[in-house]
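First comes the structure, then the notes that go with it.
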Amino acid sequence: MRLFPGALRGTVSPPPSKSAAHRAILCAALAPGKSVLSPIGTSADMQATIGCIRALGAQAVLQGDTLTVTGISGSPKAPVTLNCLESGSTLRFLIPAVGALGVPAVFTGCGRLPQRPLGIYLSLLPQQGLCCESTGGLPLRISGQLQAGVYCLPGDVSSQFISGLLFALPLLSGDSEIQLTSPLQSASYVRMTCHMLQQFGISVLPYQGGWKVPGGQHFRARTLSIERDWSQAAFLLTAGALGGQVSLTGLDPSSAQGDRAIMPLLTQFGASLRWKNGILTAEANHLTGFDIDVGQIPDLAPVLAAAGLFAEGRTRLYNAARLRLKESDRLDALYHMAVSLGARAEQMEDTLTLWGGRPLPGGTVDGCSDHRIVMAAAVAALRTQGPVTITDAQAVQKSWPEFFTVYQEMGGNADVIVG
């Protein structure tokens, strides 16, 4: 994909929240009866979760953007193969849930997912009755039956491990407890899980340092509207902050999504953001860099780096080590994105520092088969002096297949390179 300098202008609604949809689909699959969820996006990650619940015996019919799910009835006795594609959420949410159902299963995946960490499950779940056979990643074969008990794990691993346990433990016959041995990172994603569980009739009791989870609970089917995605909205809002004028409809200003933090962060950069009649508008202004702790908001790091390239002075993203375990080594990918575009940058084990505010010539950015790197580079391309070529642009299929369509409809100049 080759992109040229320009500006995005117009009004659009971001796609449905991928994080909320993953959680809602799994809850619906665990609930007897029929649930109706909408809108549901068409991303590869959504296809992964829908495919896996079908393999487990749920009925899932997608018509337009409405997904009707009839929950799992009975548990397969023969091993099922669950292909999680590249979706870390699908994999980490399902492992303990499938173990709680007592379903023998083989988990597979593609891209970088087979190399992403599973260690905390591999050490923790066998202590609670689940047999896990793996060489450290995928494929992973599980068998046996998860048991109620006390689950101790660090809070600085991916929050997806904690969410996975929160989905599973209510299904067990006895009461359980999750105890954190270190402070929780990405806490907003766990809050989203607890909120979704509540909407499907599940009670989880938080306390300082963990959660008590009563056993013997039952998920209740329901009709649910999926909120719009602040993670994806962040790319468009940053595009507005770098030039032009972008207005977004459908966002919930009180959402539990942690990436709602893009609003105060862009404001701190110096961008102009305003709400009016339920529409959030971002416009350009003089931007100044500052230090940003991304420990709780790792998915915002790529787009914040794009903003930092054009903010005067220094922008430093810290507490960022977990970015190295995403679809790519995102810290390294962002460093090379900056350098490829002509910026001065420095990376350390858990920090990325950018010196911005000067004209950047453009260049070729390795998308690293990572949707967020590709979208961040596309936003940065709006402000470079010359064209930007991005490899692996098709990676946006993972989370937002329509990204470049929206980009062009709002005035972005992008050409597909053939060959």
Side-chain angles (χ1 to χ4, degrees), residues 1-10 12 14-15 41-44 86 111-112 231-246 248 282 284 287 299-311 326-345 352 354-419:
M1 182 76 70
R2 181 183 293 116
L3 301 98
F4 300 87
L8 301 192
R9 297 182 181 276
V12 70
T42 59
S43 69
E86 294 188 73
R112 202 165 183 246
S231 301
Q232 309 293 29
F235 292 98
L236 296 179
L237 292 171
T238 303
L242 293 179
Q245 183 182 77
V246 171
L248 302 183
L287 304 185
D299 285 347
L300 287 183
V303 77
L304 292 171
L309 291 174
F310 303 99
K326 298 289 186 178
E327 285 81 350
S328 68
D329 179 340
R330 281 190 182 154
L331 212 57
D332 187 66
L334 290 170
Y335 166 78
H336 283 100
M337 178 185 80
V339 172
S340 297
L341 296 177
R344 178 187 169 203
L352 176 68
L354 306 164
W355 286 267
R358 63 184 182 86
L360 299 182
T364 297
V365 174
D366 185 351
C368 298
S369 297
D370 188 328
H371 56 131
R372 297 197 192 278
I373 299 300
V374 170
M375 290 188 282
V379 170
L382 295 166
R383 279 285 299 272
T384 56
Q385 292 181 309
V388 173
T389 299
I390 307 173
T391 70
D392 302 328
Q394 74 282 354
V396 298
Q397 297 291 324
K398 177 176 169 60
S399 62
W400 192 2
E402 302 82 11
F403 173 77
F404 282 111
T405 299
V406 172
Y407 187 93
Q408 290 175 302
E409 288 175 346
M410 300 186 76
N413 189 348
D415 291 338
V416 176
I417 300 175
V418 179

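The figures here come from the full heavy-atom set of this structure, side chains too, leaving out hydrogens, waters and symmetry mates.
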Report yes if the side chains of [X] and [Y] come closer than 4.5 Å at any heavy-atom pair, otherwise no.
X	Y	answer
Leu248	Val12	yes
Ser399	Gln232	yes
Met375	Val303	no
Leu242	Leu287	yes

Point-to-point distance, once rounded to the nearest 0.5 Å, from [atom1] of [X] to [atom2] of [Y]:
X	Y	atom1	atom2	value
Glu86	Glu327	CD	CD	7.0 Å
His336	Leu331	NE2	CG	11.0 Å
Phe4	Thr384	CZ	OG1	10.0 Å
Leu341	Phe310	CG	CZ	6.5 Å
Asp392	Asp370	CG	CG	9.5 Å
Gln397	Glu402	CD	CD	8.0 Å

Side-chain donor/acceptor pairs under 3.5 Å, residues 403-412, sequence neighbours excluded:
{"residue": "Tyr407", "atom": "OH", "partner": "Ala378", "partner atom": "O", "Å": "2.8"}
{"residue": "Gln408", "atom": "NE2", "partner": "Ala414", "partner atom": "O", "Å": "2.8"}

The criterion is side chain to side chain contact (heavy atoms under 4.5 Å, CB included); which residues satisfy it with Ala377, sequence neighbours excluded?
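Met337, Val365, Ile390.
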
Quick one: closest heavy-atom pair of [X] and [Y], and the distance?
X	Y	value
Val339	Ala345	CG2-CB, 4.3 Å
Leu352	Ala305	CD2-CB, 4.3 Å
Val374	Gly367	CG2-CA, 3.9 Å
Ala395	Ser369	CB-C, 3.6 Å
Pro387	Pro5	N-CD, 4.3 Å
Ser328	Ile373	OG-CG1, 4.0 Å

Can a donor-acceptor pair be found, under 3.5 Å and without considering hydrogens, that links the side chain of [X] to the backbone of [Y]?
X	Y	value
Arg372	Pro302	no
Thr238	Phe235	no
Asp329	Asp332	yes
Thr389	Arg2	no

